[in-house]
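Read through the structure below, which is laid out as structure tokens, and then see the notes.
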Amino acid sequence: MEYFKEKLVETAASMLGLPAEQISRHLRVPETRRGDLALPCFPFAKTLKKNPNVIARDLALQLDNMKEFSAKPEGPYVNVTINPRLLVINTINEILSKKTKYGHQDIGSGKALVIDFSSPNIAKPIAFHHIRSTVTGMALCRLSRAMGYNPVGINYLGDWGKQFGLLALAFKTFGEEERLEKEGIRYLVQLYARANMAAKGDPKKGILPEQGFDERARNLFSAMENGDKEVIDLWKRFRDISLEEFDKIYSRLGVTFDHVEGESKYVNVLDSTIDKVRETVGVRISQGALVADIEYDDDEPPFMLRKADGSTLYGTRDIAAAMDRFNRFEFAKSLYVVGAQQRLYFTQLFRCLKAMGFEWADRCIHVPFGTVLKKKPDPENPGGYTLERFATRRGEIIYLEEVIDEAVAKAVQIMKKTNPELGENESKTVAEQVGVAAVMFSELSHRRSKDIAIETDENDYILWEKLIDFRGQTGPYLQYAHARSCSIMRKGGGPPGKGVDLSLLTHPAETALVKELAAYPSDLKRAFDEYEPAILADRLIAVGRAVSYYYTLGNQDRDMRILCKDKKMSNARLALVEAVRLVLRGGLELLGIPVPERM
RNA sequence: GCGCCCGUAGCUCAGUUGGAUAGAGCGUCGGCCUUCGAAGCCGCAGGUCGCAGGUUCGAGUCCUGCCGGGCGCGCCA
């Protein structure tokens, strides 16, 4: 496809005497019935001082004479159809030779691209909302590798901060050793909820905060920062318990990191970090706290480095971490896949780094995403609904593990009916893969900026059938399309060797399918450029749809089957299906979604 | 109150950075299993693109003002 676009732009540019860039900016994909590419000529009318209809007519004439295209003017548009024979041959051959690396590029030329993602807080379980940063971050790692970067995935644990003072205090005052031993992280959640209650109370329920609890927690965190052994030992236990729990989920999701490190890594350099800020941008005391003296908008809260009680905040640790990352990796880009709530925070962090004189501050990019909300029926407005947050501080939480389990259970159920002949082992593996795909893909199929609403009934019971679906635009749908392509390849004896006549592929369903494949590379690039894996997900859905339709043609008409009587035709179709298989597989792998060969 | 994000079919979302008659999935209804895998395919119905102005050859897309929702706005991360 890129070849044809370039060819078109090149000829148009030389004919009109305009820079190629100006042409390609306006090149469009029109409605399918009009052709494959379209060039509106309004934009050139002014500079060339010619009637756009005339420009279109002349251009169409020229393009129509080339072997690559047929073209006709329609008013001020040139509609171009790529020679289907060439497009089919060109696209399929390219895929077959590049395999699952089709569409990959080397714009990164091996430079490091740091991705800070997942980054859960210690002592809290991985909740459903963590799916966002985790899956998006993983996909961005793989996408950046496909674009020639060397990704450095960092799981930057929230393993330092006041909440550990709170938690340690809770454990010391009313913790039960046996329960911590047995229940692990789930017990920590309860402790945390109880600690929060003690510290802040619950105005809704009329519960008052416990006298002095919050202050004692704060003191305990200060003690931690000063190296108090008893608290630190406790903290280490909480951390170990958490990491063990996290690993279970990461391995189910197939998520890996190049580095797992947390804020605690920087406790020893906090003073020198603050000194560095002081020397470069300056600091001042504001309401007892130490803040960075950068430029602020009106009413903007200051960027805080040290609280009035002397303990530090995450901002200080993030400055240290950013410096450390640049020193270690000399990154070309450094992405922070973190919720949109922290937008203001990150603009301040980057502004501060920039003011400190680090030119690489411009390479730091916050990749934000929307919030996970609860959507439930509105009792005051029948038929309507309300959106609210999950009250994690009160212990209200959806465990990601639970969601995956639910999806896997559903996959098991379906597979009992549809594919009972799979052995027990494979069946179990595949059900896991399908369930995981359903959960992961539902995240990857929306633009990051959208909030996610989990539907519940009026009693907060999750409507699982709305959350987990295997039909339509889903992960399992793509896995299914892929598994069928594998099945056909198995029955057809694998991809054909040399001497395949791809020019036999002239059926509209075949050329339509090839066009979906041909659009893959540019969408891959765009998915990376916009840090938006959903663009790739959409592309794969389009391929899946086109190939599913194509398969179905063989139901009515045996001559339309891939494995038809005509050997030459069959070989050509096998080549096409192999190309589809490679694209689906390559694309799903980039999204981090498992790709079973049967299901 | 101020700032940022979102608002497109009953629901969940696309819409290639300003181009032609706004597209998918789910759901509803109706079809296709003597299947190269029905987790599939086809069809019908469903839209004042939140509202009102503006910019121009052209606006779902840009600007302004409203409306609705989300998020943020100092010692949490």
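Chain A is the first sequence line, chain B the second, and so forth, proteins listed ahead of strands; every chain is numbered from 1.
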Inset, instruction - Give a yes/no verdict on base stacking between B:G19 and A:Phe42: centres under 5.5 Å, planes within less than 30° of parallel. - result: yes

Legend entry - From B:C4, B:G27, B:G72, nucleotide with atom closest to A:Arg389 side chain: B:G72

Inset, instruction - Check the distance between B:C76's P and A:Ile122's CD1 and give it to me in whole angstrom. - result: 19 Å

Legend entry - Rounded distance (Å) that lies between atom P of B:G43 and atom CD of A:Gln556: 13 Å

Inset, instruction - Answer yes if the side chains of A:Tyr550 and A:Glu510 hold a donor-acceptor pair under 3.5 Å, and no otherwise. - result: yes

Legend entry - Separation of the P atoms in B:A59 and B:C67, to the nearest angstrom: 26 Å

Legend entry - Selected nucleotide, minimal atom distance to A:Lys450 side chain, candidates B:U21, B:C13, B:G40: B:C13

Legend entry - Face-to-face contact A:Tyr77 to B:A20 six-ring, under 5.5 Å, under 30°: yes

Legend entry - First encountered from the 5' end of RNA chain B, between A:Glu388 and A:Pro30: A:Pro30

Inset, instruction - Answer with base, sugar-phosphate or nothing: what part of the nucleic acid does A:Ser286 contact at a heavy-atom distance below 4.0 Å? - result: base

Legend entry - Donor-acceptor pair under 3.5 Å, A:Gln287 side chain vs B:G74 base: yes

Inset, instruction - Check every atom of B:G70, B:G74, B:A24 against the side chain of A:Pro302 and return the nucleotide holding the closest atom. - result: B:G74

Inset, instruction - Would you classify A:Gln479 as touching base, sugar-phosphate or nothing, given that sugar-phosphate means primed atoms plus P, OP1 and OP2, and contacts are heavy atoms under 4.0 Å? - result: nothing

Inset, instruction - Could you check A:Met560 against A:Gly544 and say which one's nearest nucleotide on RNA chain B is further toward the 5' end? - result: A:Met560

Legend entry - Which nucleotide in B:G19, B:A77, B:G37 has an atom nearest any side-chain atom of A:Pro43: B:G19

Inset, instruction - For the side chain of A:Arg28, starting at C-beta, report the closest nucleotide among B:G27, B:A20, B:G19. - result: B:G19

Legend entry - Closest to the A:Thr371 side chain, choosing from B:C71, B:U21, B:C5: B:C71

Inset, instruction - Taking the six-membered ring for Trp and the full ring for Phe, Tyr or His, determine whether the centres of A:Tyr336 and A:Phe350 are under 6.0 Å apart. - result: yes

Legend entry - B:C5 phosphate, OP1 or OP2, under 4.0 Å from A:Arg447 side-chain N/O: no

Inset, instruction - Kindly say whether A:Tyr477 contributes a backbone atom to a donor-acceptor pair with the side chain of A:Thr474 at under 3.5 angstrom? - result: yes

Inset, instruction - Could you check how far CG of A:Leu540 sits from P of B:A14, rounded to whole Å? - result: 16 Å

Inset, instruction - Return the nearest nucleotide to the side chain of A:Phe470; candidates are B:C41, B:G72, B:A39. - result: B:A39

Inset, instruction - Please determine if a side-chain N or O atom of A:Tyr314 lies less than 4.0 Å away from the OP1 or OP2 oxygen of B:A77. - result: no

Legend entry - Whole-Å distance separating the CD1 atom of A:Ile541 from the P atom of B:A24: 14 Å

Inset, instruction - Consider the side chain of A:Thr552, meaning its heavy atoms from C-beta on, and name the nucleotide among B:G37, B:C6, B:C41 that approaches it most closely. - result: B:C41

Legend entry - Secondary-structure notation, RNA chain B, from Watson-Crick and G-U pairs under 3.5 angstrom (| other strand): (((((((..((((.....[...))))..((((.......))))......(((((..]....))))))))))))....

Inset, instruction - Using the test side chain to side chain contact (heavy atoms under 4.5 Å, CB included), find all partners of A:Ser487 that sit at least two apart in sequence or belong to another chain. - result: A:Arg490, A:Lys491

Inset, instruction - Using the ring pair (Phe, Tyr, Trp, His ring centres under 6.0 Å) rule, pick out the option among A:Tyr266, A:Phe346, A:Tyr345 that qualifies with A:Tyr314. - result: A:Tyr345

Inset, instruction - Keeping the roles fixed (side chain from A:Arg218, backbone from A:Gly165), state whether a donor-acceptor pair exists under 3.5 Å. - result: no

Legend entry - Donor on one side chain, acceptor on other, A:Ser264 and A:Asp159, under 3.5 Å: yes

Inset, instruction - Report yes or no: is the cationic atom of A:Lys50 (NZ for Lys, CZ for Arg) closer than 6.0 Å to the six-membered ring centre of A:Phe44, at no more than 45° off its axis? - result: no

